[in-house]
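The structure appears right after this line, and notes come after that.
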Protein chains: 2
Amino acid sequence: MSVTIKDIARLAGVSHTTVSRALNDSPLINEKTKDRIRAIAEEMDYTPNFSAKSLVLDRSYNLGLFFTTLSKGTSAGFFYDAIRGVNSVIQDRYQLIVKGIDDYTSFHSITRKSFDGIIVVSQSDEDQPLIDHAADKGIPLVVLNRPVDTVGVLNVLSDEEQGAFQATSYLIRQGHRNMALIEGRVGFKSAQNRKEGFERALAHHGITLKPSHRFPGLYDLESGYKAMQQFLMLEDRPTAVFCCNDEMALGAMKAISEAGLQVPGDISVIGFDDTVFAAYVTPALTTVRRPIEQISKEGAIRLLGNIENKQYATEQVLLKTELIVRESVHPLQLTGEEG
Amino acid sequence: MSVTIKDIARLAGVSHTTVSRALNDSPLINEKTKDRIRAIAEEMDYTPNFSAKSLVLDRSYNLGLFFTTLSKGTSAGFFYDAIRGVNSVIQDRYQLIVKGIDDYTSFHSITRKSFDGIIVVSQSDEDQPLIDHAADKGIPLVVLNRPVDTVGVLNVLSDEEQGAFQATSYLIRQGHRNMALIEGRVGFKSAQNRKEGFERALAHHGITLKPSHRFPGLYDLESGYKAMQQFLMLEDRPTAVFCCNDEMALGAMKAISEAGLQVPGDISVIGFDDTVFAAYVTPALTTVRRPIEQISKEGAIRLLGNIENKQYATEQVLLKTELIVRESVHPLQLTGEEG
DNA sequence: CTGAAAGCGCTAACAG
DNA sequence: CTGTTAGCGCTTTCAG
């Protein structure tokens, strides 16, 4: 069996309490004694039993990182950035447990005992039951990526409506009037926000969008491809397409080039997210950058603070998005005011 | 505080021992009693305290999923597929703890108490100390993606050398003789395997590669781009480039198109991994498919079996790769035998 | 079939 | 500054 504090106590000729205190650097213990005990612990290759600690301290040392789904509709880059961001913050102090919310049949096992805190990377309103459950159980909680107004829940996200508004305004400034929209996954908040930003920019310029010029996507390459195929069959083919993420934009570009047309010569394409590959496709994709890694870092930092200070202040942090202009948008006709 | 078996015992008018047994479906307990206790537990919204269980049962209910690194050199798609594969297998029975091996300063905390089993998605020989440590501690272990011969360690991977050999042979059958190689990250086993497969195919056909026609990459888009820029400056520019992953292939394609040349008209490009975007770039990328998700599923299944049966058989599973022919390779000159 | 008692490894009063 | 004692919530002998 493995070494316990009792073993150390025996060797050091002290009580196991003293060992416990020494190893936790308690001010109650003489420095000399501490050093001696630490040396013995080191030598015996002692590792604390976290189950025992957890039991008595009522802390699990677990942090949950929950995604809406692991199996569909989450893009790999998004997933990777989120985990990286959180991981870079928690370091050694916690174990990072990754879960898909849709894997749960019951939230019963999610308690304050099993998670010291939870980070929900939320893409859909359907995550709300989980969020409510966790808030209900009093688990420190931060929700990323989607606005929530649950009391006591920290919230970090980027202003995607604004990002979409900017991107669309840019399209308009480049002279485009006949535009199309490839929407995100139904039920995903990001899909709605981006659509709304797009629509607000249009309304702002008195442009209307025909029903034929919008298409619901799934946030994956294929749905962008298919949506674009639809648009290409239209009589009044759009001169610019706003895609609710980069994957769909890439799919759309594929459809355009297969039809023998050019991006951006014939049709301009704009994406969202600034995925790693955006700069490397040809033409390089003009898109909206969303600071996922920063969001998840901020979220993790706040969560840790929350766990440790036990203060449950509601707070929403809104990070800026940024339009990254590259090559996939072509000016259609200059309108006097420079773009 | 939360409900414990003692609370249930009090309400049911039995001892907490009986409750424990009932909830664990022990054959020692009368079915009627079980039902009654289960009903009460349900009603009180009882959740077992896993720290307490862990302490006495000496199991953590944690499964570690270790990557060589979370911060660099791991591609998002690879990461995502691996987590998905494992997650789909473990279901509710374990918590999945994701770690980057390079985040550890000491493996001290990795014990049989803290992990019931470990899956190492290994990309580098540098992971060996961790693998040895875990094997040493007697933690059930499966290593994915890289061959190891540590005793008692399960091993699931794909035959990448063979995949690279096939891909290169295909290039040769298409008439290419003047080829170039963009290598993977130094120290990554996959980089070495792919390079060796490439070289074996060349040797097999008596083709030699000039030092100028190989370039070390980092598995990311940028390094593929830069490598290709080097090749483009060569006097005897290659007619085909073998890239050790799809990201670098995309970077290379970017460099080619920026130079005013065509893929595959002027230069053929072949990748590795069959990333999601491979089919959607233009031209669609010819590449080698590697069944990451299947590998991680197989690995997880074997690990669970191993944990539960306590049998530590060394076993290596080698899964096939598959050449996916798309559009990025152009026949240079037919050689009689069809390609 | 059920219960009493002990103990997993650790921390935290309470004494001294 | 150190030790004694109790107990976290659970499972597991050992008796009955």
Side-chain angles (χ1 to χ4, degrees), chain A residues 1-41 44-62 95 108-109 111-116 137, chain B residues 1-38 40-41 44-62 95 108-116 137:
Chain A
M1 284 312 296
S2 35
V3 196
T4 73
I5 50 172
K6 285 188 185 165
D7 300 324
I8 300 177
R10 211 169 303 130
L11 242 86
V14 296
S15 77
H16 72 278
T17 311
T18 301
V19 175
S20 169
R21 289 204 261 248
L23 261 21
N24 287 308
D25 201 19
S26 153
L28 294 178
I29 306 289
N30 188 325
E31 278 304 326
K32 297 247 156 93
T33 320
K34 277 190 197 173
D35 283 344
R36 196 159 52 87
I37 291 176
R38 279 197 278 245
I40 298 177
M44 296 182 82
D45 193 31
Y46 167 77
T47 322
N49 181 322
F50 270 82
S51 303
K53 281 184 97 128
S54 294
L55 182 57
V56 55
L57 293 179
D58 210 35
R59 294 160 81 313
S60 64
Y61 299 97
N62 286 163
Q95 310 256 47
H108 192 240
S109 64
T111 65
R112 212 162 68 247
K113 306 261 185 214
S114 50
F115 294 99
D116 288 349
K137 294 271 182 181
Chain B
M1 285 313 296
S2 35
V3 205
T4 73
I5 50 171
K6 285 189 185 165
D7 300 323
I8 300 177
R10 211 168 302 130
L11 241 86
V14 296
S15 76
H16 72 278
T17 310
T18 302
V19 175
S20 169
R21 289 204 261 250
L23 261 19
N24 287 309
D25 202 19
S26 153
L28 294 177
I29 305 290
N30 188 325
E31 277 304 325
K32 297 246 156 95
T33 321
K34 278 189 197 171
D35 283 343
R36 196 158 53 85
I37 291 175
R38 279 196 276 246
I40 296 177
M44 295 181 82
D45 193 31
Y46 166 77
T47 323
N49 182 322
F50 271 81
S51 302
K53 282 184 94 129
S54 293
L55 182 57
V56 54
L57 292 178
D58 210 35
R59 292 161 82 310
S60 64
Y61 299 97
N62 287 164
Q95 309 258 48
H108 193 241
S109 64
I110 303 174
T111 66
R112 214 165 64 248
K113 307 260 185 215
S114 50
F115 294 100
D116 287 350
K137 293 272 182 181

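Residue numbers begin at 1 in each chain, while the letters A, B, ... track the order of the sequences.
- Rounded to whole angstrom, the span from the CG atom of A:Asn49 across to the P atom of C:dG9 amounts to 7 Å.
- Straight-line distance from the CZ atom of B:Arg112 to the C1' atom of C:dC8: 15 Å, rounded to whole Å.
- A:Leu55 places its CG atom 9 Å from the C1' atom of C:dC8, with the value rounded to the nearest Å.
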Exercise. May I have the step-by-step check of side chain to side chain contact (heavy atoms under 4.5 Å, CB included) for B:Ile37 and B:Lys34, ending in yes or no?
Key: CA-CA 5 Å; B:Ile37 291 175; B:Lys34 278 189 197 171; 6.0 Å; no
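- For the pair A:Asp58 CG and D:dG9 P, the computed distance is 8 Å after rounding to whole Å.
- Under 4.0 angstrom from either OP1 or OP2 of D:dC10 there lies no side-chain N or O belonging to B:Ser54.
- Salt bridge present: B:Arg38 and B:Glu31 bring a charged side-chain N and a carboxylate O closer than 4.0 Å.
- Straight-line distance from the CZ atom of A:Arg36 to the P atom of D:dC1: 14 Å, rounded to whole Å.
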Self-check item: Sequence-aligned protein contact record of nucleotides 11-16 of chain C, with B where the base is within under 4.0 Å of a protein heavy atom and S where only the sugar-phosphate is
Solution: BBB---
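- For B:Asp45, the salt bridge (Lys or Arg N to Asp or Glu O under 4.0 Å) partners are A:Lys137, not counting sequence neighbours.
- B:Ser15 and B:Thr18 share a side-chain donor-acceptor pair at under 3.5 Å.
- If you measure from atom CD1 of A:Ile8 to atom C1' of D:dT2, you get 17 Å, rounded to the nearest angstrom.
- Residues A:Val3 and A:Tyr46 share a closest heavy-atom pair of O-CD1, 3.3 Å.
- In this structure, CZ of A:Arg59 is placed 18 Å from C1' of D:dG9, rounded to the nearest angstrom.
- Not one side-chain nitrogen or oxygen of B:Thr4 sits closer than 4.0 Å to the OP1 or OP2 atom of D:dG9.
- Contact annotation: A:Thr18 side-chain N/O to D:dC1 OP1/OP2 distance is not under 4.0 Å.
- For the helix from C:dC1-D:dG16 to C:dG16-D:dC1, the axis fitted to the five pairs at one end and the axis fitted to the five pairs at the other end meet at an angle of 40° (nearest 10 degrees).
- Remark: side-chain polar atoms of A:Arg21 are not paired, donor with acceptor, to backbone N or O of A:Leu28 under 3.5 angstrom.
- Side-chain atoms of B:Asn30 lie closest to C:dT2 of the nucleotides D:dG3, D:dC10, C:dT2.
- Remark: the backbone N or O of B:Phe50 is paired with a side-chain donor or acceptor of B:Ser54 at under 3.5 angstrom.
- Rounded to an integer number of Å, the gap from B:Phe50 CZ to D:dG9 P is 15 Å.
- Taken to the nearest 0.5 Å, the NZ atom of A:Lys113 stands 3.5 Å off from the CG atom of A:Asp58.
- Using a 4.0 Å cut-off between charged nitrogen and carboxylate oxygen, B:Arg10 and B:Asp7 count as a salt-bridge pair.
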